[in-house]
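Down below is the structure, laid out as structure tokens.
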Amino acid sequence: MSTLLRSECLECLAEKQLHALPADVAEEQKLEFLQRMFAILAKAPKETCAPVLVQDLNELRRELFGEIEDYSEEKSHYNQLMLQKEQAIREKIHSSEDPLLKALRFALVGNYIDFSAVENVEEAYLEKLLEEIESPEKNGVTKETYEKLKQDLSEKQQLLYLTDNAGEGVLDKLFLEVIRERYPQLDIRVLVRGKPVLNDVTMEDALEIGLQKVAKVYDNGNGIAGTWLPDFSPQAKMIWEEAEVIIAKGQANYETLRLCEKNIYFLFLCKCEMFCRNFQVPRFTGALVHG
């Protein structure tokens, strides 16, 4: 398929927007929202994708209802929760036979902390995933792709890391720590969201978890979930163009960049039905995909 937009994504977006309507909304206002929402979805070009449409629908919700979901409390909670686990996880990484692979698998598990794709993020299930990162049926990292990633990291000079969710960013930091230790020639840059969107990492979150201690951190200039190149800031465009190898976390980055011709390694958990079906895996199975 040569287009980014998927019919099932439109259906999913509409359903989520309906469930998120304020309980006390007046019938007239609800009707206006639905008509304008369906107009946005009906006119969406095939070259766009769900994360971009989320921004348009959030702007509509803000216009009609004055607010959208605020995830600041949840973001801070999971940032602090993972910071409490940071040292213990670091020790597990460095005591393993292959610290890079171990760190990669922890980074994969962190992608569970997604308040958009996971209806109820549960700490107990996160703990379960953290304990089962070596499970062959769950980690989804093939030897071929992993070896290709290592080769690229050893040969290139510019690495760009695209973050996804708050809390998860702590595990990204540990992964980047190992990359920096093993491949000291790399100039590592990280792009976070330029504006709050869902529970995605912003510069505020990056500073809270100390991401700037392991890499140069920049924001991409926009509030779209994923990485949408047309809305990049001039600085983000320059960083993107200079990148020789890219690691992109999360489903939204895969959605926005899967037709891009850059040297990208997508790292995510399959959380929605479309991803599980496309990769033919159970829900919450990890994936390392070379773009």
Side-chain angles (χ1 to χ4, degrees), residues 16 69-96 99-141 161-178 190 192-193 196-202 204-206 208-211 214 225-226 247-255 266-276 279 281-289:
K16 287 183 177 180
E69 291 86 353
D70 179 8
Y71 290 98
S72 339
E73 187 175 331
E74 290 88 348
K75 288 170 68 178
S76 183
H77 172 77
Y78 277 94
N79 281 339
Q80 292 303 315
L81 175 68
M82 296 313 298
L83 283 172
Q84 291 170 16
K85 300 177 181 297
E86 179 181 5
Q87 185 54 34
I89 293 175
R90 180 180 287 111
E91 291 172 2
K92 289 182 180 180
I93 289 171
H94 288 283
S95 64
S96 67
L100 182 69
L101 181 58
K102 193 85 164 183
L104 184 154
R105 286 175 172 164
F106 272 116
L108 255 180
V109 166
N111 194 231
Y112 167 74
I113 310 172
D114 184 342
F115 284 84
S116 172
V118 181
E119 188 173 346
N120 294 300
V121 175
E122 300 176 0
E123 289 184 26
Y125 193 76
L126 174 61
E127 294 285 356
K128 181 174 181 290
L129 290 174
L130 289 170
E131 290 298 323
E132 295 179 349
I133 64 165
E134 299 294 347
S135 173
E137 68 274 12
K138 282 293 186 180
N139 64 55
V141 179
Y161 198 96
L162 306 175
T163 60
D164 194 14
N165 304 306
E168 174 183 358
V170 175
L171 298 171
D172 295 330
K173 180 177 75 170
L174 292 172
F175 184 27
L176 288 171
E177 275 186 9
V178 179
V190 174
V192 300
R193 308 293 186 259
V197 54
L198 303 171
N199 67 311
D200 289 10
V201 176
T202 60
E204 181 180 0
D205 298 301
E208 181 180 359
I209 64 174
L211 198 54
V214 298
I247 298 175
K249 288 296 299 293
Q251 290 184 161
N253 275 325
Y254 182 81
E255 288 181 80
F266 296 100
L267 191 61
F268 55 84
L269 290 186
C270 295
K271 291 167 287 193
C272 73
E273 291 182 11
M274 181 183 73
F275 276 80
C276 294
F279 290 97
V281 295
R283 196 179 189 207
F284 300 127
T285 298
L288 173 65
V289 180

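All values below come from the heavy atoms of this structure, side chains included, with hydrogens, waters and symmetry mates left out. All of these numbers come straight from a predicted model, not from anything done at the bench.
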- Query: With side chains defined as the heavy atoms from C-beta onward, is the minimum distance between Lys92 and Lys85 less than 4.5 Å?
  - Reply: no
- Task: Check whether the side chains of Asp205 and Thr202 place a donor and an acceptor atom closer than 3.5 Å, and report yes or no.
- Result: yes
- Task: Could you please spell out the steps behind the side-chain hydrogen bond (donor to acceptor under 3.5 Å, both in side chains) verdict for His77 and Glu123?
- Result: CA-CA 11 Å; His77 172 77; Glu123 289 184 26; 2.5 Å; yes
- What is the minimum heavy-atom distance between Leu83 and Lys173, and which atoms define it? CD2-NZ, 4.2 Å
- Message: If I compare all heavy atoms of Ala225 with all of Leu198, which pair ends up nearest, and what's the gap?
- Response: CB-CD1, 4.0 Å
- Parallel, tilted or perpendicular: which describes the rings of Phe175 and Tyr161, with under 30° parallel and over 60° perpendicular? perpendicular
- Query: For the residue pair Phe284 and Tyr125, does the interplanar ring angle fall in the parallel (under 30°), tilted (30 to 60°) or perpendicular (over 60°) class?
  - Reply: tilted
- Message: If you define the side chain from C-beta out and look only at heavy atoms, does anything of Val109 sit under 4.5 Å from Leu269?
- Response: no
- Relative to the ring of Phe266, is the ring of Tyr254 parallel (under 30°), tilted (30 to 60°) or perpendicular (over 60°)? perpendicular
- Note on the structure: Looking only at heavy atoms, the pair that brings Ile113 and Ala166 closest together is CG2-O, 3.7 Å
- Which heavy atom of Arg90 sits nearest a heavy atom of Leu174, and at what distance? NH2-CD2, 3.5 Å
- Item | Main-chain N/O of Ser116 paired to Lys271 side chain as donor or acceptor, under 3.5 Å | no
- Message: Walk me through whether Asp114 and Val121 qualify under side-chain contact (heavy atoms from CB on, under 4.5 Å).
- Response: CA-CA 7 Å; Asp114 184 342; Val121 175; 5.6 Å; no
- Query: Testing Leu162, Thr163, Asp164 for side chain to side chain contact (heavy atoms under 4.5 Å, CB included) with Val201, which one passes?
  - Reply: Thr163
- Glu208 versus Asn79, side-chain donor and acceptor atoms under 3.5 Å: yes
- Message: Main chain of Ser95, side chain of Lys102: is a donor-acceptor contact present, judged purely on distance under 3.5 Å?
- Response: no
- Of Leu267, Leu171, Leu288, Ile133, the residue whose pairing with Leu108 passes side chain to side chain contact (heavy atoms under 4.5 Å, CB included): Leu267
- Task: Locate the shortest heavy-atom distance separating Tyr78 from Glu122; write the atom from each residue and the value.
- Result: OH-C, 4.4 Å
- Item | Heavy-atom side-chain contact between Tyr112 and Val118 under 4.5 Å | yes
- Message: So for atom CD, which belongs to Glu119, do other residues, nucleotides or ligands contribute more than 12 heavy atoms lying within a distance under 6.0 Å?
- Response: no
- Query: How far apart are the closest heavy atoms of Lys75 and Asp200, and which atoms are they?
  - Reply: NZ-O, 3.1 Å
